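One structure is given below, encoded as structure tokens.
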Amino acid sequence: MKRTHRCGELRASDAGSTITLMGWVNRRRDHGNLIFIDLRDRSGITQIVFDAERNPAMHARVESVRNEYVLAVTGKVEPRSENTRNPKMDTGDIEVIAGELKLLNESKVPPFFPGDANVNVNEEVRLKYRYLDLRRPEMHANIEMRHRVTLAVRNYLASQGFYEIETPIMTRSTPEGARDYLVPSRVHPGEFYALPQSPQIFKQLLMIGGMDRYFQIARCFRDEDLRADRQPEFTQIDLELTFPTEETIHGVVEGFLDAAFSAAGHTIERPFPQMPYDDAIRLYGIDKPDLRLPAMTDVKGAFSADALETLAIDASLPVVVIRTPKVGELSRKERDEHKTLLNEKQAKVVKFLDDFKRLEKSWPEAVAKVRELSGAEEGDLLVMVAAPKKSEASAEDTGDAAAERRKQRDAFAVYSNAGQLRLALAQRYAARHKAFEGKAYKFLWVTDFPSFEWDEQKETWTFAHHPFTSLHEDHMELLSEGVKALHDPNSALGAIRARAYDVVLNGTELGSGSIRIHQQEIQAKIFEALGMDEAEQKLRFGFFLEALQYGTPPHGGIALGLDRIVMILAGAPSLREVIPFPKTAAATDLMMDAPTPVTDAQLKELSIGVKK
RNA sequence: GGGGUCGUAGUUCAGUUGGUUAGAACGCCGCCCUGUCACGGCGGAGGCCGCGAGUUCGAGUCUCGUCGACCCCGCCA
């Protein structure tokens, strides 16, 4: 027997033909001498009719068939009569009258049925029996979407002159950044490879190697704690090209995203808007703004100095208003619950006022101005966020550059906390404003990221991106100045901006890239800036610093999270829904039961002893 | 590393103030049924209440520990 059609393909026009289907028993309805079996494969479902009168010999065998058995059925396609048609099924106008049945395989009773309309099963069970879970139409749809998106990206990038090039999975450990997954070397006792956190250095070397345009659907590995949108191994659409400007790279990314979203049935608007990091912080309090809801508004000007004093607001720091649309009237209880939106730590930095009716009694003009500035409409919730006035006198404003930067850091804290509050309110009232429903895809480029960030624990400045990111040329002076104050949180390093850009979709960071440093002196200076002396540079990146000296072309690139893109397109709540064999939040595989201990013999061969 | 939610039949859940034999639905098994498509009818089986201590005359229920799943913070250049 040879399969002639898939189970979702047959239509009224096929009536009369004799066909063969192969697939799983989705459901069986046994009426005694008449048995219906819905046969399922990845394309859909077809009803097969077994009639004892027409084929008595076969009927005894059909009676023993159960859900998830694998069958081959040859039969005649017949149109269904008016009263037996099923408009809910794609194949509901026809049915197949079985003539021949072959039982290809039986099935144990599964812990859940892939054919159930809404599988309401614990995710633990789904992951343990992932191969059954994958039979569900929803999973098929997600995996098919992933395939189509990947294919569209490949085709687009190939059309733009990119070569798809593989880079090593076993590579060298780089202690910066995320923790590495390590692979012990048998040949070199005590030495380890690392799995790549990204193919960063390889793709830069490919540019030095004159490959001109590279891409890879690249698996990356990071040994960090997980979230719904983070897996220990994940896939990036990674690319790099020579002689770029930011515009070149943005154009390529918008091009393949357009292709990918088209493949998933959506059109997106291009070009994407752009916003410098500093504006993103000021307007959204976050470096990945969700543009589906309004920005925050600076309303300090609406209030007199006296009013701010009375409200116990620090007038030297930002005063912003968060507008959440269409929230409507709030009960006393709902308003009280707003207090829980700030944790203790946040409450030290910001306070908020959400009762504008009360504010209006004392300062009607100011409130009118706030409504105007924020574009508030009837029913919108306004919440004003500001820094509480400190009781003790704060440090004297000495008016120098360091004092100015300290103030900027304080302002950042206000914006950032207000931004978190904005998202918390948006989540809380999502059912009312409905901005998160439907298929609104709001892309954004966030540009000019800080090159360095302050590490509170180590009390020093570190790379915000990776150390191969170019600075804006006119910030090189700040670098020389800032290096002198490496352990000062108000160092000039904080003012340096990078030629780095993130692509953001609906508040999710899809990808991150930059124009790279292609001059060895500058690269060395950056390493030096963060306290890496020449010996250490040579040890860790010697080969790379040397490569940079052999005619390295200007180059740049970006990497986008494929899993996240597909997750958003599928409307899925976690990456696990778009990865066929995902890991749990504790980085285990419940189906394979990995990781596992290994034998002493294996460890011995690798010269590894395990502390118990 | 920290916080939260959860863990009872194959599955999803209920389980009173600590008190008799731990229930329901779906699924499963048997019998019946020729137009169902979440088929239907009758009957039946199925439990280490995650695991381990403790409190108690008595623990699914209370306490402590532990394991596992999920979410969040830290972390993720």
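Given the structure is predicted, the values throughout are model-derived calculations rather than measurements. Below, read A as the first sequence line, B as the second, and so on, with proteins coming before strands; counting in each chain starts at 1.
- Only the P atoms considered, B/G40 is 14 Å distant from B/G35, to the nearest whole Å.
- Between A/A52 and A/D116, the residue whose closest nucleotide on RNA chain B is further toward the 5' end is A/D116.
- Contact check for A/F202 versus A/T171: side-chain heavy atoms found under the 4.5 Å cut-off.
- Side chains of A/T460 and A/D455: a donor-acceptor N/O pair is absent below 3.5 angstrom, by distance only.
- For the OP1/OP2 pair of B/U36 and a distance below 4.0 Å, the side-chain nitrogens and oxygens of A/R29 include no atom meeting the criterion.
- For A/R66 and B/C29, the shortest distance from a side-chain N or O to OP1 or OP2 is below 4.0 Å.
- No hydrogens or angles were tested; on distance alone, nothing pairs the side chain of A/R126 with the base of B/U11 as donor and acceptor under 3.5 Å.
- Rounded to whole angstrom, the span from the CG atom of A/N120 across to the P atom of B/G10 amounts to 17 Å.
- Nucleotides of RNA chain B nearest to A/V109 and A/G32 differ in position, and the one nearer the 5' end is that of A/V109.
- Rounded to whole Å, the C1' atom of B/C49 lies 27 Å from the corresponding atom of B/G3.
- Nucleic acid contact class of A/F463 (heavy atoms, under 4.0 Å, all strands): sugar-phosphate only.
- For the residue pair A/R172 / A/T174, no side-chain donor-acceptor distance below 3.5 Å is found, with atom types taken as modelled.
- A gap of 31 Å separates the C1' atoms of B/U12 and B/C73, to the nearest Å.
- With a cut-off of 3.5 Å on both pairing distances, the Watson-Crick or G-U wobble partner of B/G68 is B/C6.
- In this structure, A/D448 does not pair ionically with A/R497, as no charged nitrogen and carboxylate oxygen lie closer than 4.0 Å.
- At whole-Å resolution of the value, NZ in A/K108 and P in B/C29 are 14 Å apart.
- Remark: the separation of the C1' atoms in B/U21 and B/A38 is 34 Å, to the nearest Å.
- For B/A59 and B/G1, the C1' atoms lie 34 Å apart once the distance is rounded to whole Å.
- Ionic pairing of A/E224 and A/R222 is not present here: no N-O contact between side-chain nitrogen and carboxylate oxygen is shorter than 4.0 angstrom.
- When the C1' atom of B/C28 is taken as reference, atom CD of A/E68 falls 15 Å away, rounded to whole Å.
- Nucleotide B/C37 holds its P atom 12 Å from the CG atom of A/L34, rounded to whole Å.
- With a cut-off of 3.5 Å on both Watson-Crick or G-U wobble distances, the partner of B/A22 is given as none.
- Among the atoms of the strands shown, only primed sugar atoms or phosphate atoms (P, OP1, OP2) are found under 4.0 Å from some heavy atom of A/P111.
- Between the side chains of A/Q216 and A/T167, at least one donor-acceptor pair of N or O atoms lies under 3.5 Å.
- Classification of A/R564 and A/D229 as a salt-bridged pair holds, one side-chain N sitting under 4.0 Å from a carboxylate O.
- Residue contacts shown for A/E95 include a base, since a base heavy atom lies under 4.0 Å away.
- Atom CG of A/N67 and atom P of B/C26 are 15 Å apart (whole Å).
- The same atom, P, is picked in B/G68 and in B/C62; the two are 23 Å apart, to the nearest Å.
- A donor-acceptor contact closer than 3.5 angstrom is absent between the side chains of A/E53 and A/N33.
- Side chain to side chain, A/T508 and A/N506 fail the donor-acceptor criterion of an N or O pair below 3.5 Å.
- Regarding contacts with the backbone of B/C39, a side-chain N or O of A/R27 is found under 4.0 angstrom from either OP1 or OP2.
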With sugar-phosphate taken as primed atoms, P, OP1 and OP2 and all else as base, the protein-contact string of nucleotides 67-76 of chain B at under 4.0 Å (heavy atoms; B, S, -) is -SSSSSBBBB

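- Rounded to the nearest Å, the gap between the C1' atom of B/U61 and that of B/G19 is 11 Å.
- Nucleotides B/A25 and B/G43, compared at atom P, are 12 Å apart to the nearest Å.
- In this structure, A/H31 does not count as stacked on the base of B/U36 under the 5.5 Å centre distance and 30° plane angle limits.
- Remark: B/C29 base-pairs with B/G43. Criterion, Watson-Crick or G-U wobble with two distances under 3.5 Å.
- Side-chain proximity of A/F113 to the nucleotides B/C28, B/G35, B/U34 is greatest for B/C28.
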